[in-house]
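Following: one structure in structure tokens, then a few remarks.
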Amino acid sequence: MRPRDDTKRVALLEATLVEVTEHGFGVASVARIARRARVSPATLYIHFADKDALLEATFVHVCDQLIDTALEAFDAALELRQALREMWHALFHLALDQPRLFRFHDAFSHSVWMNDRVRERNDLRLAPLLDAIAQGHRDGVLKPVGLALLESFMFRPIYHLVQSQGSHPFEPTHSNIDQAFAMAWDAIAVRHDDPRP
């Protein structure tokens with residue numbers, strides 16, 4: 001058996017990213033992906049057992065880029081709002097530079113291929129952020145809601161705003177990005193003047 005070539009493996013992951021975001025999971029066949037990566041389908045099977053394994057590996061590849069960006073920007077020594085603001089800006093700029101990462105992440109997250117093993121792997125990588133969020137709950141800084149709601153109101157807006165092409169597209173100026181963060185923060189933070197429980 002020939003040794004694996006990591007450059008070909010990365011080329012296959014990147015080709016999968018492009019094929020899926022341009023054509024969808026169904027059209028992104030092994031043959032199309034291999035052709036885009038400039039390798040033979042047989043080479044693809046040296047690196048991945050099947051299309052399912054390739055899709056999952058691509059998702060992990062995408063998640064690693066998102067997580068690396070988030071963790072590099074997140075400073076747990078800062079006050080939570082400021083730490084999340086720095087991370088928000090870093091992720092927003094990544095979304096502007098590489099929107100395919102966010103499109104693939106969104107599509108895979110809502111597909112039949114999403115599984116607990118991948119979720120748990122990503123949660124382990126995100127431990128510093130998740131620990132800070134848990135501390136924010138304990139300190140009464142964040143609303144006592146689950147991670148699904150926090151993700152929906154804090155991080156999903158990045159993808160939505162970057163993808164907006166409707167009648168009122170979002171203008172990604174520094175001021176507008178900061179305003180969007182402020183609105184996301186208001187959605188998840190406890191307002192101490194709010195009489196509701």
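Positions are given from 1 along the sequence. Everything quoted here is computed from the prediction, not taken from an experiment.
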So which heavy atom on [X] is nearest to which on [Y], and how close?
X   : Y    : answer
R81 : W185 : NE-CD1, 3.3 Å
F92 : V162 : CE2-CG2, 3.7 Å
P99 : Q163 : CB-NE2, 3.7 Å
D50 : Y45  : CA-CE2, 4.0 Å
A73 : M87  : CB-CA, 3.8 Å

| request: Begin with the C-alpha distance, continue with both residues' side-chain angles, and end with the deciding distance and a verdict on side-chain contact (heavy atoms from CB on, under 4.5 Å) for H137 and L150. | output: CA-CA 11 Å; H137 283 131; L150 287 174; 3.7 Å; yes

| Salt bridge or not for R119 and D116, using N-O below 4.0 Å? |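 Here R119 pairs with D116 in a salt bridge, since their nearest N and O are under 4.0 Å apart.
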
| R191/D186 ion pair, N-O < 4.0 Å |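 Looking at R191 and D186, the cut-off is not met.
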
| request: Any ring-ring contact (aromatic ring centres under 6.0 Å, His included) involving residues 53-79? Give me the pairs, sequence neighbours left out, ordered by first then second residue. | output: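 Every pair satisfying ring-ring contact (aromatic ring centres under 6.0 Å, His included) with a residue in residues 53-79: F59-H105, F59-F108.
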
| request: For the residue pair N115 and E56, confirm or rule out a side-chain donor-acceptor distance under 3.5 Å. | output: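 E56 and N115 do have a side-chain donor-acceptor pair below 3.5 Å.
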
| said: side-chain contact (heavy atoms from CB on, under 4.5 Å), that's the test. Do R32 and E22 meet it? Break it down for me. | reply: CA-CA 12 Å; R32 287 180 66 113; E22 286 186 2; over 6 Å; no

Within 6.0 Å of [atom1] in [X], more than 12 heavy atoms from elsewhere:
X    : atom1 : answer
M114 : CE    : yes
F153 : CZ    : no
H160 : NE2   : no

| Gap separating the CD atom of Q65 from the CZ atom of F102, nearest 0.5 angstrom |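 If we round to the nearest 0.5 Å, Q65:CD and F102:CZ are 10.0 Å apart.
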
Can you give me every donor-acceptor pair (side chain of residues 124-133, partner residue at least two apart or in another chain, under 3.5 Å) with its distance?
residue	atom	partner	partner atom	Å
R125	NH1	D64	OD1	2.8
R125	NH1	D68	OD1	3.3
R125	NH2	D68	OD1	2.5

| request: Check the pair R36 / V18 against side-chain contact (heavy atoms from CB on, under 4.5 Å), numbers first and verdict last. | output: CA-CA 9 Å; R36 183 174 290 272; V18 173; 3.4 Å; yes

| message | Going by the rule side chain to side chain contact (heavy atoms under 4.5 Å, CB included), which residues pair with D97 if we only count those two or more places apart in sequence or in a different chain? | response |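 Partners of D97 under the side chain to side chain contact (heavy atoms under 4.5 Å, CB included) test: none.
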
